[in-house]
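Report on one structure; see the data block that follows.
Every chain is numbered from 1, with letters handed out A, B, ... down the list of sequences.
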There are 2 protein chains.
Amino acid sequence: MITLTEENYIKAIYHLGKYGVNNVSTNAIAKEMETKASSVTDMVKKLSEKSYVDYKKYQGVTLTGKGKEVAVNIVRKHRLWEVFLVEKLNFSWDEVHEVAEQLEHIKSKKLISQLDAFLEFPTHDPHGDPIPDKTGKIKKIDKILLSEAKIGDDCICVGVQDSSSDFLKYLDKNNIALGTELKVCHREPFDNSVTIRIKTKELIISNMIANNLFVKVS
Amino acid sequence: MITLTEENYIKAIYHLGKYGVNNVSTNAIAKEMETKASSVTDMVKKLSEKSYVDYKKYQGVTLTGKGKEVAVNIVRKHRLWEVFLVEKLNFSWDEVHEVAEQLEHIKSKKLISQLDAFLEFPTHDPHGDPIPDKTGKIKKIDKILLSEAKIGDDCICVGVQDSSSDFLKYLDKNNIALGTELKVCHREPFDNSVTIRIKTKELIISNMIANNLFVKVS
DNA sequence: AATAATTTTTAGATTAATCTAAAAATTATT
DNA sequence: AATAATTTTTAGATTAATCTAAAAATTATT
Ligand SMILES: [Mn+2]
Ligand SMILES: [Mn+2]
Ligand SMILES: [Mn+2]
Ligand SMILES: [Mn+2]
């Protein structure tokens with residue numbers, strides 16, 4: 001039996017370890033979970049007991065196979081629910097995360113497999129993130145940050161790095177959605193702001209924006 | 001802030017107090033919650049502190065207006081989710097309860113109002129129980145137990161008293177669903193078993209079955 | 001009305017998850 | 001290599017929810 005709190009720790013460790021970081025530090029987890037390092041130490045011992053993580057004192061943690069399975073399953077549930085909320089219940093993409101944080105902990109294999117079918121087996125969530133299949137397989141698409149695209153590139157928006165409400169609303173306001181086509185026109189050397197063209201309209205976006213928008217060069 | 005456990009206690013008190021019982025006893029709650037009386041006493045003090053219930057030592061509890069609001073809202077969420085599971089995710093009516101027990105605790109006003117709209121504002125759940133509207137109003141239909149129907153009555157099934165998997169599967173097996181029309185043919189004095197006719201087929205059901213099936217006399 | 005039976009509460013413990021303050025270990029800097 | 005800074009762990013407390021055993025109150029029975 002796994003508690004909701006344990007699930008959240010495992011998810012945090014998964015996300016922190018995603019980009020090649022093998023040993024996730026106590027402090028990093030504490031920051032992600034908005035809790036104190038001492039609480040993390042306690043929980044990490046417990047997760048280690050239950051063999052969800054490998055842990056050696058002062059060395060940080062890594063998810064075990066078992067831990068990874070749990071993590072991927074939660075991510076799968078989170079993203080399927082996000083699709084449901086947007087596709088079926090008319091939520092906008094900046095409103096889904098908090099509710100999905102709750103829904104991802106509902107325990108029922110049938111619920112998720114039926115939901116998956118009902119949504120017609122979506123491959124990506126509303127933010128462009130891939131949805132692991134029932135076996136935990138994640139197919140990644142080759143996306144780059146808009147800040148890394150070359151001048152003259154024709155791109156299509158495929159995801160967001162940050163999915164805060166503020167960022168997503170900015171994109172809405174400027175008619176940038178997943179699937180939007182854009183051309184990279186100019187990069188200003190001084191501040192790395194980027195001029196892009198969507199259809200016929202030009203728009204200047206800051207480096208910070210460009211750093212949080214994933215595109216595929218077409 | 002209300003915890004999941006508090007919500008479950010409030011719901012239990014609501015269901016126990018539904019049929020005119022004003023003061024729900026500690027023991028009754030303990031039985032319903034599958035917990036010990038001493039745990040109930042502790043929790044009941046807490047609920048009283050937070051003014052969800054009126055409580056005087058040794059006198060049992062009654063929900064306050066605030067408590068009733070919470071209870072009805074949970075019941076609303078529970079039943080809406082049951083409809084969703086049956087209508088959209090192809091669950092059968094004996095599979096929905098456990099999952100709905102989890103889903104009823106998800107906190108999001110928008111989620112429920114959108115779900116309600118998505119389901120086209122259902123008035124009853126898969127077991128024939130009424131779904132409170134957003135203001136908490138419950139419209140009750142005049143249903144009676146099949147065991148109380150008179151010989152010769154033409155009836156339509158509108159609900160179940162017990163919604164255990166065993167009972168619901170018995171009904172499935174005998175082609176009795178909500179909406180099924182039946183005629184009361186005979187009641188055996190010895191054991192109060194009832195002979196009913198569905199279309200052209202006669203079926204003898206025990207008093208216990210008749211005592212758990214709600215019908216409307218047409 | 002007294003006694004017995006039952007119900008409810010209290011007292012004291014336990015487990016999960018958290019915290020603060022201090023100690024210990026590791027890493028960075030002189 | 002020694003010292004300083006930072007990170008991590010430990011020790012001891014706290015809160016929510018639960019439990020067992022015993023005490024207190026209520027209800028039922030003689
Ligand atoms: Mn999300
Ligand atoms: Mn997402
Ligand atoms: Mn139910
Ligand atoms: Mn129901």
Counterpart base for D/dA5, defined by Watson-Crick or G-U wobble contacts under 3.5 Å | C/dT26
Could you state the atom-to-atom distance from CD of B/E7 to P of D/dA16 in whole Å?
-> 16 Å
Which of residues 26-38 of chain A sit near DNA chain D, with a heavy atom under 4.0 Å from it?
-> A/T26, A/N27, A/A37, A/S38
Between NZ of B/K50 and P of D/dA16 the distance, given in whole Å, is 8 Å
When you check the side-chain N and O atoms of B/T62 and B/N23, is any donor under 3.5 Å from an acceptor?
-> yes
Considering only D/dT8, D/dT9, C/dT9, which nucleotide approaches the side chain of A/K57 most closely?
-> D/dT9
Atom pair distance, as rounded to whole Å: CD in B/E6 and C1' in D/dT15 = 12 Å
Please determine, for the side chain of A/Y55, which listed nucleotide (C/dA16, C/dT8, D/dT9) has the closest atom?
-> D/dT9
salt_bridge(A/E7, A/K107) N-O dist < 4.0 Å | yes
d(B/I29 CD1, B/N8 CG) to nearest 0.5 Å is 12.5 Å
Within less than 4.0 Å of OP1 or OP2 of C/dT9, is there a side-chain N or O belonging to B/K45?
-> no
A/K169 meets the salt bridge (Lys or Arg N to Asp or Glu O under 4.0 Å) criterion, sequence neighbours left out, with A/D94
Taking atom types as modelled, is there a side-chain donor on A/D166 or A/S164 under 3.5 Å from an acceptor on the other?
-> no
Give none if C/dA11 has no partner; otherwise give the nucleotide forming a Watson-Crick or G-U wobble pair with it, both distances under 3.5 Å.
-> D/dT20
Compare side-chain N and O positions of B/Y9 against OP1 and OP2 of D/dT18 and report whether any pair is under 4.0 Å apart.
-> yes
Sequence neighbours excluded, the answer for side-chain hydrogen bond (donor to acceptor under 3.5 Å, both in side chains) partners of A/K66 is none
Nearest whole angstrom, please: distance from the P of C/dT26 to the CG of A/N23.
-> 14 Å
Which whole-number value in Å describes the distance from B/M43 CE to C/dT10 C1'?
-> 17 Å
A/H127 and A/H97: side chain donor to acceptor below 3.5 Å | no
Of the listed nucleotides C/dT9, C/dT18, D/dT18, the one nearest the side chain of B/S39 = D/dT18
Can you tell me the distance, in whole Å, between the CG atom of B/L47 and the C1' atom of D/dT18?
-> 15 Å
Rounded to whole Å, the CG-P distance (A/L4 to D/dA16) equals 18 Å
What nucleic acid atoms does B/T5 come within less than 4.0 Å of, heavy atoms only: base, sugar-phosphate, or nothing?
-> sugar-phosphate
To the nearest angstrom, the CD-C1' distance between B/Q59 and D/dT27 comes to 12 Å
